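In what follows, a structure is listed as structure tokens, so that the remarks can point back to it.
Scope of the values below: all heavy atoms of this structure, side chains included, with no hydrogens, waters or symmetry mates. Counting starts at 1 for both ligands and their atoms, in listed order. Since we're looking at a predicted model, the values are computed, not measured.
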Amino acid sequence: MRVVDLIIKKRNGDVLKRDEIKYFIKGYVKGKIPDYQMSAMLMAIYFKGMNIKETKYLTMEMVNSGSIVDLSSIPGIKVDKHSTGGVGDTTTLALAPMVAAAGVPIAKMSGRGLGHTGGTIDKLEAIEGFNTEVSLEKFIKIVKKIGVSVISPTLNLTPADKKLYALRDVTGTIDSIPLIVSSIMSKKIAAGADKIVLDVTTGSGAFMKDYKDSLKLAKIMVKIGVELGKETIAVISNMEEPLGFAIGNSLEVKEAINVLKEKGPEDLRNLCLILGAYMLKLGGIAKTVQEGEIRLIDVLRKGLAFKKFKEIVAEHGGKVKMVENPELLPSAKYCFKLKGKKSGYIQKIDSRLVGKSAMLLGAGREEKESSIDLSVGIVLKKKVNSKTTSSEVLAEIYYNNPEKLEDAKKALFSSFKIGREKPEKLPLIFATVDKEGVKE
Ligand code: URA
Ligand code: CA
């Protein structure tokens, strides 16, 4: 087999066979196939696409490129959740303890933030002492003991994805459906859960800005998951505006605590209830989604989800006191109140710009190696549909470095669009996709 022949085959729009896909993934990970040939292959895939079978084989080969986590010693059906990315997406912090408190084991590996999106691992590290880099043995031990653990990946999972993602990033081949699907699904499958709930975000802060593209992506991910023996459900959620009010690590931990104490923002709570209900259904704890939601509401009301969060913190060596008194969490020195200078209704809050503003303050990473400030961020005081006057505060900016304030202010100010008419309220969930089909 010659790599150039495979590139030509894909360039001509032909279908690649399993052994051909295996050959170029293996060769690339081993360093036998150079970046320039892989770049050409990625561009051919970008333009010619891949059918379901090819996408499935690509996903399998990416899984096989590294270790696979074995969670079989943990009793029960392990359900994982993955979001395709957003701004102020505090979901995992609240969802993991909620679902675990309701009886589904959660053995979750999460990532760090990059660019305008945040990452769960950074957020958890806002809690002093919280160790996210525990060994696999300890991770499994914690899940067996308290039903839940969230860590950053320890094993060498899907090295093919790490290499390919970096190459896609610099060759203009990120937004290709077969490449996104194989990237996300290979990581989820290698992480070892039995079943998967996907939160496919759509809108200004998401990977896919357009609902139709998000739906297409969701359908293919569900199909690949199911074909590879991991029942998968996808929820398509609104990321036209940031989720909840808080954007920034420490601020989002506080927001998650509020959700767990039933004082949190409605959109974040509702998204957690819906995603969680599907997780309970897949985990065999609830017969229907409605039943799942009722169970989760009960778990919140009885304080069991908040208790579970404190257990997670304790097991990971974090200061539980900080969770009991969130004012002890890292907080920024200064607060600037951003006013709208206009009266009317909030039409739009561009999530990408809000994320960028938080990143400029230091809450996120410009480059993979950048260090971050866990205490800074943004708290929205208005969301889409809110009424505002020229003197009202749109958002609070929490910052430490006055030099960073001006650019952050500019990005944040331009994210708000204010107009006279009350806009149509977008739904939180546009559709759900499971093996039976799409429900809109
Ligand atoms: N997230 C991933 O992990 N991979 C992609 O390709 C896109 C989003
Ligand atoms: Ca938030």
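At a cut-off of 3.0 Å, Glu255 is counted among the residues with an N, O or S atom near the Ca ion (ligand 2). Within the coordination shell of the Ca ion (ligand 2), defined by N, O or S atoms under 3.0 Å, Leu243 is present.
In this model, a donor atom of one side chain and an acceptor atom of the other lie less than 3.5 Å apart for Thr201 and Thr84.
Electrostatic pairing of Glu61 and Arg18 counts as a salt bridge here, judged by a charged N lying under 4.0 Å from a carboxylate O. Salt bridge Lys435/Glu231: present, at least one basic N to carboxylate O contact under 4.0 Å. Between Asp80 and Lys188, at least one side-chain N (NZ, or NE/NH1/NH2) sits under 4.0 Å from a carboxylate O, which counts as a salt bridge.
For atom 8 (C) of ligand 1, the closest heavy atom belonging to the protein is Phe207 CE1, 3.4 Å. Nearest non-hydrogen protein atom to atom 4 (N) of ligand 1 is Ser183 OG, 2.6 Å. Among all protein heavy atoms, the one lying closest to atom 3 (O) of ligand 1 is Lys187 NZ, 2.5 Å. In terms of protein heavy-atom proximity, atom 1 (N) of ligand 1 is closest to Ile184 CG1, 3.7 Å.
Of the inter-residue distances, the one linking Thr91 atom OG1 with Leu243 atom CG reads 5.0 Å to the nearest 0.5 angstrom.
If you put the vertex on the Ca ion (ligand 2), O of Gly88 and O of Ala246 sit 110° apart, to the nearest 10°.
Evaluated for a salt bridge (charged side-chain N to carboxylate O under 4.0 Å, His left out) with Glu406, the options Lys404, Lys409, Lys410 yield exactly one hit, Lys409.
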